[in-house]
Amino acid sequence: MPRSMSIHIGVNRPHGPEGGRPLQYSEATAWRMAELATRAGYDSLQVLRGAAATRAAVHQALTGAAGALGAGDTLLLTFSGHGVRVRDEDADERDGLDEAWCLADTVMMDDTLAGYWSLFERGVRIVVVSESCYGGGMGRTGMDLELPAGGRAGAGIAPVRWRGQALSVDALAGNPCIAEPPRHHDGIRASVLLLCAAGETEPARDGVFTRFLLDLWDDGAFRGSYCDLYRLLRQRVTCESPQQMQIAMMGAPDPGFSMAPAFHVDRTGQTGGRGGALRAG
């Protein structure tokens, strides 16, 4: 039977000067997104908040998920916290800047996250929801992946690139919102779908994105696709904040991914109640 795991990270006050002023909602958002995952039917959930959201804890959570999930399984990873842009040290960014999440003890670069995705098997679907500044800056022209410590990618790793341009928000509901799905897996065998609160050069207002997302999803009553959610959510967010929500894919082509019911786990053939074990950091 298909398995599903979720990991929820929230950091109001990251260590060091990178993140700037403390946030108000990010750590509460981690719990609220865990509640979403429970209602969506995920088998296991892990919450890493505040001082518990260290690089080592995130590494353990992601490598554990990579070892546990196989073809047909799903991972949901959510992050709420500060995002920063730092100087690109390996010349794989078109604008000379890397994007990163601010964890409790350090930053996690977009290159490092891409390295984690390369650990997952073919056929795994990974949904990443990022409420952070500059979250849309994952488009890269690519050099080698930066593998996380202890990780190992498959042979023939190629440069990682985001593929596809989002269609107009006014496109008809029920149509794909990504005009061109990934043509190449670029060394990542899983299929990765990213929903982020803001574009590559944009700040994100604290809590706005998640508030509208949870309102739209309505405790699971929303049965539309990720594309439907994207269109509606983008319209609502931009009415309150100038940030431009983004949707994109990377890794193995999976044309049906963005058209799947948003967050709902296919539990065909499974029994028991919704949701599963919860671990809190």
Side-chain angles (χ1 to χ4, degrees), residues 1-7 9 37 42-44 46 58-79 90 92-93 98-99 101 108-130 135 137-165 176-196 225-227 246-266 268:
M1 293 181 291
R3 292 169 294 178
S4 54
M5 302 177 68
S6 71
I7 302 165
I9 306 167
Y42 279 79
D43 299 317
S44 66
Q46 183 171 6
V58 174
H59 169 80
Q60 183 176 15
L62 288 175
T63 54
L69 298 178
D73 297 339
T74 302
L75 171 69
L76 170 62
L77 172 66
T78 71
F79 174 81
D90 54 10
D92 71 339
E93 297 281 353
D98 272 308
E99 286 70 41
W101 289 344
M108 178 162 285
M109 310 295 289
D110 54 1
D111 295 342
T112 303
L113 280 173
Y116 283 112
W117 308 147
S118 72
L119 304 179
F120 286 81
E121 293 184 8
R122 185 180 306 278
V124 176
R125 284 182 169 180
I126 301 171
V127 180
V128 183
V129 180
S130 176
M138 295 295 186
R140 292 149 51 177
T141 55
M143 295 297 286
D144 290 339
L145 292 176
E146 178 184 339
L147 289 177
R152 181 180 62 85
I157 293 297
V160 174
R161 301 177 178 86
W162 282 104
R163 305 281 183 178
Q165 296 296 321
C177 52
I178 299 175
E180 182 185 358
R183 293 180 177 175
H184 307 288
H185 59 74
D186 290 322
I188 297 175
R189 297 166 292 178
S191 299
V192 185
L193 179 100
L194 172 72
L195 292 168
C196 57
S225 69
Y226 287 104
C227 284
Q246 305 290 314
I247 186 169
M249 291 191 67
M250 70 185 300
D254 187 346
F257 195 172
S258 64
M259 298 304 297
F263 301 117
H264 291 282
V265 173
D266 180 4
T268 303

Asker: Any non-hydrogen side-chain atom of V128 less than 4.5 Å from a side-chain atom of V192?
Answerer: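 A side-chain contact under 4.5 Å exists here.
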Asker: Report the distance from atom OG of S6 to atom CG of L77, rounding to the nearest 0.5 Å.
Answerer: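 Rounded to the nearest 0.5 Å, the OG-CG separation comes to 9.5 Å.
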Asker: Can you tell me how far apart OG (S130) and CG (L195) are? Round to the nearest 0.5 Å.
Answerer: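 So the OG of S130 and the CG of L195 are separated by 10.0 Å.
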Asker: Any side-chain heavy atom of L69 sitting closer than 4.5 Å to one from R3?
Answerer: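 Yes, side chains in contact.
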Asker: Nearest 0.5 Å, what's the CE-OG distance between M259 and S225?
Answerer: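 Answer rounded to 0.5 Å: 4.0 Å.
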Asker: T63 versus H59: any side-chain heavy-atom pair under 4.5 Å?
Answerer: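 They are in contact (side-chain heavy atoms under 4.5 Å apart), so the answer is yes.
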Asker: Between S191 (side chain only) and A252 (backbone N and O only), is there a donor and an acceptor less than 3.5 Å apart?
Answerer: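 Confirmed, S191 side chain pairs with A252 backbone.
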Asker: Counting N and O atoms only, with roles assigned by atom type, does the side chain of T112 sit under 3.5 Å from a partner on the main chain of M108, one being a donor and the other an acceptor?
Answerer: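 No, T112 side chain to M108 backbone: no donor-acceptor pair under 3.5 Å.
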Asker: Tell me, please, whether F120 has R189 positioned over its six-membered ring: NZ or CZ under 6.0 Å from the ring centre and within 45 degrees of its axis?
Answerer: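 Judged by the rule (NZ or CZ under 6.0 Å from the ring centre, within 45° of its axis), R189 is not positioned above F120.
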Asker: Determine the minimum heavy-atom distance between M5 and A68, stating which atoms define it.
Answerer: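 Result for this residue pair: SD-CB, 3.9 Å.
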Asker: Working to the nearest 0.5 Å, report the span between CE of M1 and CG of D43.
Answerer: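 Between M1 CE and D43 CG, I get 8.5 Å after rounding to 0.5 Å.
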Asker: Atom CG in L119, atom CD1 in I188: separation rounded to 0.5 Å?
Answerer: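 One gets 9.5 Å once the value is rounded to the nearest 0.5 Å.
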Asker: Are Y42 and F263 an aromatic pair by the rule of ring centers under 6.0 Å?
Answerer: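 That pair fails the under 6.0 Å test.
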Asker: About how many Å separate CG of L75 and CG of L62, when rounded to the nearest 0.5 Å?
Answerer: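 If we round to the nearest 0.5 Å, L62:CG and L75:CG are 7.0 Å apart.
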Asker: Minimum heavy-atom separation for L76 and A37, please, with both atom names.
Answerer: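 Between these two residues, the closest heavy atoms are CD2-CB, 4.1 Å.
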Asker: When you compare the side chain of D73 with that of S4, does any pair of heavy atoms fall below 4.5 Å?
Answerer: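 Result no, sub-4.5 Å side-chain heavy-atom pair not found.
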Asker: Any side-chain heavy-atom pair from L193 and I126 closer than 4.5 angstrom?
Answerer: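 No, every pair of side-chain atoms sits at 4.5 Å or beyond.
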Asker: Minimum heavy-atom separation for A260 and R125, please, with both atom names.
Answerer: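 The pair with the smallest heavy-atom distance is CB-NH1, 3.8 Å.
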Asker: Only counting residues at least two apart or in another chain, list the ones meeting side chain to side chain donor-acceptor pair (under 3.5 Å) with T78.
Answerer: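 Partners of T78 under the side chain to side chain donor-acceptor pair (under 3.5 Å) test: H8.
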